[in-house]
Amino acid sequence: MIRLSLIIPAAGSGVRLGMKTPKPFIELGGRTIIQHTIDKFIDIPELGQLLIVASAQNIDRVRGLLSNFDRSDVDISVVEGGDERQDSISNALKFVDTGCDLVAIHDAVRPFIEKNVVEECIRKAMKYGAAIPGIPVKDTVKVLNDEQFVESTPDRSFLWQIQTPQVFKRQILFDAYDKANNEGFTGTDDSSLVENLGVKVHVVKSSYDNFKITYPIDLKLAELKVEGHL
Ligand code: CTP
Ligand code: MG
């Protein structure tokens with residue numbers, strides 16, 4: 001049986017959303033966003049370890065929310081995050097159980113991830129070493145220069161928007177973070193660190209439902225979905 005360690009980063013402050021409450025603790029239909037997210041993973045048979053990353057002042061708050069989850073065979077802990085998301089993951093990796101084959105990283109603020117996408121990412125990560133979900137971009141994407149003029153227009157058919165969970169063989173992810181830490185390399189997702197290691201990353205087709213709650217309009221959309229209007 002494959003053993004999976006799941007890291008859920010929840011240590012951000014939600015500047016773009018602009019609310020006082022950090023995003024993972026906002027309630028949707030009587031449950032916090034992070035609880036909705038954990039709901040999607042807690043029954044996965046491969047799950048062996050769950051590491052939630054929280055900022056120092058929210059560690060106890062997360063512990064309180066976790067008491068309702070009943071998986072006695074899963075080692076659940078809360079670890080402290082850092083200034084940037086990459087620092088939060090880097091710290092969580094120190095606590096990953098070395099008995100796990102795979103490590104999955106999923107944003108606390110993507111509560112609508114579908115089980116079949118998670119399962120496919122696990123399958124493809126076992127096969128290729130690295131698998132991430134994504135969707136084809138809807139809009140035309142342009143590369144701009146510093147003066148706000150278009151530099152080029154990449155062919156849209158090759159452009160995909162990438163989401164989480166990003167799933168990797170444990171040692172690949174460890175090596176990728178070691179290399180990034182040594183080089184001072186930063187990326188906007190975990191996959192970019194793995195790509196920087198030279199590993200080929202497989203992309204699993206996901207859906208628009210797995211959006212990240214980032215701006216107020218995303219929160220509105222999330223409310224509509226939880227209320228069953230979408
Ligand atoms: N995150 C984290 N540690 C950080 C920054 C982000 O664990 N130092 C987490 C967030 O809590 C979130 C996920 O990474 O679950 C994705 O990040 P993002 O959507 O950017 O959330 P925030 O950083 O909180 O939002 P913003 O960038 O608007 O401030
Ligand atoms: Mg952020």
Side-chain angles (χ1 to χ4, degrees), residues 5-28 31-42 49-66 69 76-96 103-114 117-118 121 132-135 160-168 173 176-177 180-181 184-194 206-223 225-226:
S5 175
L6 170 66
I7 299 172
I8 299 188
S13 46
V15 173
R16 285 171 291 179
L17 187 65
M19 283 177 71
K20 235 187 171 162
T21 309
K23 292 190 285 183
F25 307 108
I26 294 171
E27 288 198 8
L28 292 174
R31 277 171 87 64
T32 60
I33 290 174
I34 191 170
Q35 284 174 310
H36 284 285
T37 301
I38 297 170
D39 283 343
K40 300 288 161 52
F41 290 89
I42 201 70
Q49 181 181 37
L50 174 59
L51 287 167
I52 315 279
V53 195
S55 52
Q57 66 269 30
N58 287 314
I59 287 183
D60 288 338
R61 193 173 188 172
V62 173
R63 287 210 178 105
L65 296 174
L66 288 172
F69 292 100
I76 302 181
S77 22
V78 188
V79 301
E80 194 176 330
D83 288 345
E84 300 295 330
R85 185 183 180 283
Q86 193 169 320
D87 304 317
S88 290
I89 303 303
S90 200
N91 191 43
L93 290 180
K94 296 178 198 151
F95 301 92
V96 166
V103 181
I105 303 171
H106 184 72
D107 295 325
V109 293
R110 290 187 191 270
F112 304 111
I113 178 66
E114 289 155 330
V117 174
V118 176
C121 287
I132 61 178
I135 49 175
W160 286 57
Q161 242 171 271
I162 298 304
Q163 308 169 335
T164 68
Q166 300 194 348
V167 189
F168 311 97
L173 189 64
Y177 265 81
N181 287 339
F185 177 89
T186 57
T188 50
D189 71 348
D190 307 288
S191 176
S192 28
L193 276 56
V194 170
S206 176
S207 82
Y208 287 97
D209 286 1
N210 186 26
F211 62 90
K212 181 163 70 69
I213 299 174
T214 306
Y215 290 105
I217 190 152
D218 302 315
L219 187 60
K220 261 272 158 286
L221 204 61
E223 281 164 4
K225 278 181 74 68
V226 168

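Indexing begins at 1, ligand by ligand and atom by atom, following the structure's order. Values below: all heavy atoms of this structure, side chains included; hydrogens, waters and symmetry mates excluded.
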Identified side chain to side chain contact (heavy atoms under 4.5 Å, CB included) counterpart of R85 within the set I105, T188, T186: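 Looking at I105, T188, T186, the match for R85 under the side chain to side chain contact (heavy atoms under 4.5 Å, CB included) is I105.
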
Under 4.0 Å from ligand 1, counting heavy atoms only: the protein residues, by chain and number: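 Answer by chain and number: P9, A10, A11, G12, S13, G14, V15, R16, K23, G82, D83, E84, R85, S88, D107, A108, V109, K212.
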
Under the side-chain hydrogen bond (donor to acceptor under 3.5 Å, both in side chains) test, residues paired with D218 that sit two or more places apart: none

All side-chain hydrogen bond (donor to acceptor under 3.5 Å, both in side chains) counterparts of D189, not counting sequence neighbours: Q166, S192

Residue pair S207 / E114, side-chain donor-acceptor N/O under 3.5 Å: yes

Pairs satisfying salt bridge (Lys or Arg N to Asp or Glu O under 4.0 Å), at least one member in residues 49-62, at least two apart: D60-R63

Evaluation steps, side chain to side chain donor-acceptor pair (under 3.5 Å), between S206 and Q163: CA-CA 8 Å; S206 176; Q163 308 169 335; 2.6 Å; yes

